[in-house]
J.: 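Take a look at the following structure, please.
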Amino acid sequence: MKGMIDSHAHICGKELFPGWREITAKAKEAGIERIMIVCRNVEEVKRALELAANDSMFDVASGLYPNDILRMPYEEWGQLMELAGDPRVKAVGEIGMDYSFYETVVPKVLQKEVFVRQMELANKVKKPVIIHMRNATEDTRRYIKGHLKVPGIIHGYSGGYKAMKDFLDMGIYISFSPAAILESEHEDTGKVAGEVPLDRILVESNAPFKAPTSMTGTVHGPETVAGVMDYICRVRGIKKETLVEAVYDNYRGLFS
């Protein structure tokens, strides 16, 4: 049987990196074969590249997260853009749009500019993008349609069933995180998980962010993708082996 894939985890962030050895061991024990380490700054990318050089379990993605735009020095932003061309970096992300309210709200026009620039960069280096989308479905859909020419993944999908169909028409993959479990009482969430074509579905932990306590202990790590898969299999009425194989093939097709 093929191993499980975690298509989105922040292992090199400040929350998880100090315990990366234990986190990796736990993931392997859970049957996870590969993890995409998503990096939000240059330091995280350097850490991730070192891990990937020593363990083929890891892939690396780098990009400017929308809520970090005002916090990142311009020089580092330039370095992050350069790293997208490094052959060891497999994807540009996570990039995208976030219209939630935070202590520092990044203006929508600035989010758009950075999102578009990074999609155009991904087009240039011919690498998939990993897209963050929170309360910004319409604008995300519009900007993708206008600028993206490479494959993309919307991670931790929460855009609803109608939008899902439009994203699929644009060649986008849909990834489910533990938030799918949190939102499982919402009919639309179950419909999305039940009807995404198997050749467009991915799963992720989004570790260490937003996991229900029933799926994790004190540290939310990649092992929680098993719970996400269990949920999707219940909704679809399929065997776990079927979903594991579909996710494996989709991931390999995107990042091989």
Side-chain angles (χ1 to χ4, degrees), residues 2-13 15-17 20 23-28 30-65 80 83-96 118-119 121-122 125-133 150-157 172-180 200-211 220-229 232 243-256:
K2 296 174 180 176
M4 291 185 289
I5 304 287
D6 183 354
S7 67
H8 194 114
H10 297 272
I11 288 176
C12 290
E15 296 89 353
L16 294 185
F17 187 68
W20 71 266
I23 290 165
T24 300
K26 192 172 183 179
K28 290 179 178 179
I32 295 172
E33 182 173 323
R34 206 160 190 93
I35 300 171
M36 176 64 77
I37 304 176
V38 178
C39 304
R40 289 168 51 175
N41 57 54
V42 172
E43 182 180 9
E44 289 184 14
V45 177
K46 291 178 178 178
R47 292 170 175 170
L49 290 176
E50 185 173 351
L51 293 185
N54 291 288
D55 192 332
S56 61
M57 179 184 203
F58 299 116
D59 290 318
V60 181
S62 70
L64 182 51
Y65 178 67
L80 205 60
L83 282 165
D86 190 310
R88 297 172 296 173
V89 173
K90 301 298 184 183
V92 178
E94 64 186 283
I95 64 177
Q118 291 187 97
M119 284 192 287
L121 174 63
V125 299
K126 296 181 171 59
K127 295 179 182 179
V129 294
I130 299 173
I131 298 169
H132 173 94
M133 179 182 75
V150 293
I153 302 164
I154 297 184
H155 99 89
Y157 185 78
I172 300 295
Y173 288 72
I174 304 296
S175 181
F176 295 92
S177 71
R200 293 291 189 82
I201 196 168
L202 292 167
V203 295
E204 63 182 83
S205 65
N206 196 25
F209 305 111
K210 200 177 182 184
H220 163 210
E223 72 282 351
T224 55
V225 297
V228 177
M229 285 192 154
I232 295 171
L243 181 59
V244 169
E245 184 168 358
V247 169
Y248 184 97
D249 291 343
N250 294 340
Y251 185 91
R252 284 298 199 183
L254 277 167
F255 300 116
S256 61

J.: Which heavy atom of Val38 sits nearest a heavy atom of Glu44, and at what distance?
T.: O-OE1, 3.9 Å
J.: Of Ile130, Ile131, Val129, which is the lone residue that meets side-chain contact (heavy atoms from CB on, under 4.5 Å) with Val92?
T.: Val129
J.: Got a second to check how far Ser177's OG is from Tyr157's OH, nearest 0.5 Å?
T.: 13.0 Å
J.: So which heavy atom on Val247 is nearest to which on Leu202, and how close?
T.: O-CD2, 3.9 Å
J.: Between the side chain of Glu204 and the main-chain N/O of His8, is any donor-acceptor distance below 3.5 Å?
T.: no
J.: Kindly compute the distance separating CD1 (Ile153) from OH (Tyr173), expressed to the nearest 0.5 Å.
T.: 8.5 Å
J.: Any side-chain heavy atom of Ile174 sitting closer than 4.5 Å to one from Arg200?
T.: no
J.: Identify the heavy atoms of Phe58 and Arg34 that sit nearest to each other, and give their distance.
T.: O-NH2, 4.3 Å
J.: Give the intermediate values and the outcome of side chain to side chain contact (heavy atoms under 4.5 Å, CB included) for residues Lys2 and Asp249.
T.: CA-CA 9 Å; Lys2 296 174 180 176; Asp249 291 343; 2.7 Å; yes
J.: When rounded to the nearest 0.5 angstrom, what distance separates CD1 in Ile37 from CD1 in Ile11?
T.: 5.0 Å
J.: Evaluate the side-chain proximity of His132 to His155: yes if any heavy-atom separation is below 4.5 Å, no if none is.
T.: yes
J.: Please round to the nearest 0.5 Å and tell me the distance separating atom CH2 of Trp20 and atom CG of Leu51.
T.: 5.0 Å
J.: If we only count heavy atoms from C-beta on, is the Glu15 to His10 side-chain gap below 4.5 Å?
T.: no
J.: Apply side chain to side chain contact (heavy atoms under 4.5 Å, CB included) to the pair Met57 and Ile35, showing each step before the final yes or no.
T.: CA-CA 6 Å; Met57 179 184 203; Ile35 300 171; 3.7 Å; yes
J.: As an exercise, state the distance from OG of Ser62 to NZ of Lys127, rounded to the nearest 0.5 Å.
T.: 7.5 Å
J.: What distance separates Ile201 CD1 from Ile232 CD1, expressed to the nearest 0.5 Å?
T.: 4.0 Å
J.: Looking only at heavy atoms, which two atoms of Val89 and Ala61 are closest? And how far apart?
T.: CG1-CA, 4.3 Å
J.: With side chain to side chain contact (heavy atoms under 4.5 Å, CB included) as the criterion, how do Met229 and Phe176 come out once you've worked through the C-alpha distance, each side chain's angles and the decisive distance to 0.1 Å?
T.: CA-CA 9 Å; Met229 285 192 154; Phe176 295 92; over 6 Å; no
J.: If only atom types and distance count, is the side chain of Gln118 paired as donor or acceptor with the main-chain N or O of Gly93 below 3.5 Å?
T.: no
J.: Ignoring hydrogens and angles, tell me if any N or O in the side chain of Asp6 forms a donor-acceptor pair with the backbone of Ser205 under 3.5 Å.
T.: yes
J.: Do Asp55 and Lys28 touch side chain to side chain, with heavy atoms closer than 4.5 Å?
T.: yes
J.: For residues Gly85 and Val125, report the shortest heavy-atom separation together with the two atoms involved.
T.: CA-CG1, 4.0 Å
J.: Please check if the side chain of Lys26 supplies one atom and the backbone of Glu223 the other of a donor-acceptor pair under 3.5 Å.
T.: no
J.: Please test Arg47 against Glu43 for salt bridge (Lys or Arg N to Asp or Glu O under 4.0 Å), starting from the C-alpha separation and ending with a verdict.
T.: CA-CA 6 Å; Arg47 292 170 175 170; Glu43 182 180 9; 2.8 Å; yes
J.: Looking at Val45 and Cys39, what are the two nearest heavy atoms and their distance?
T.: CG2-CB, 3.6 Å
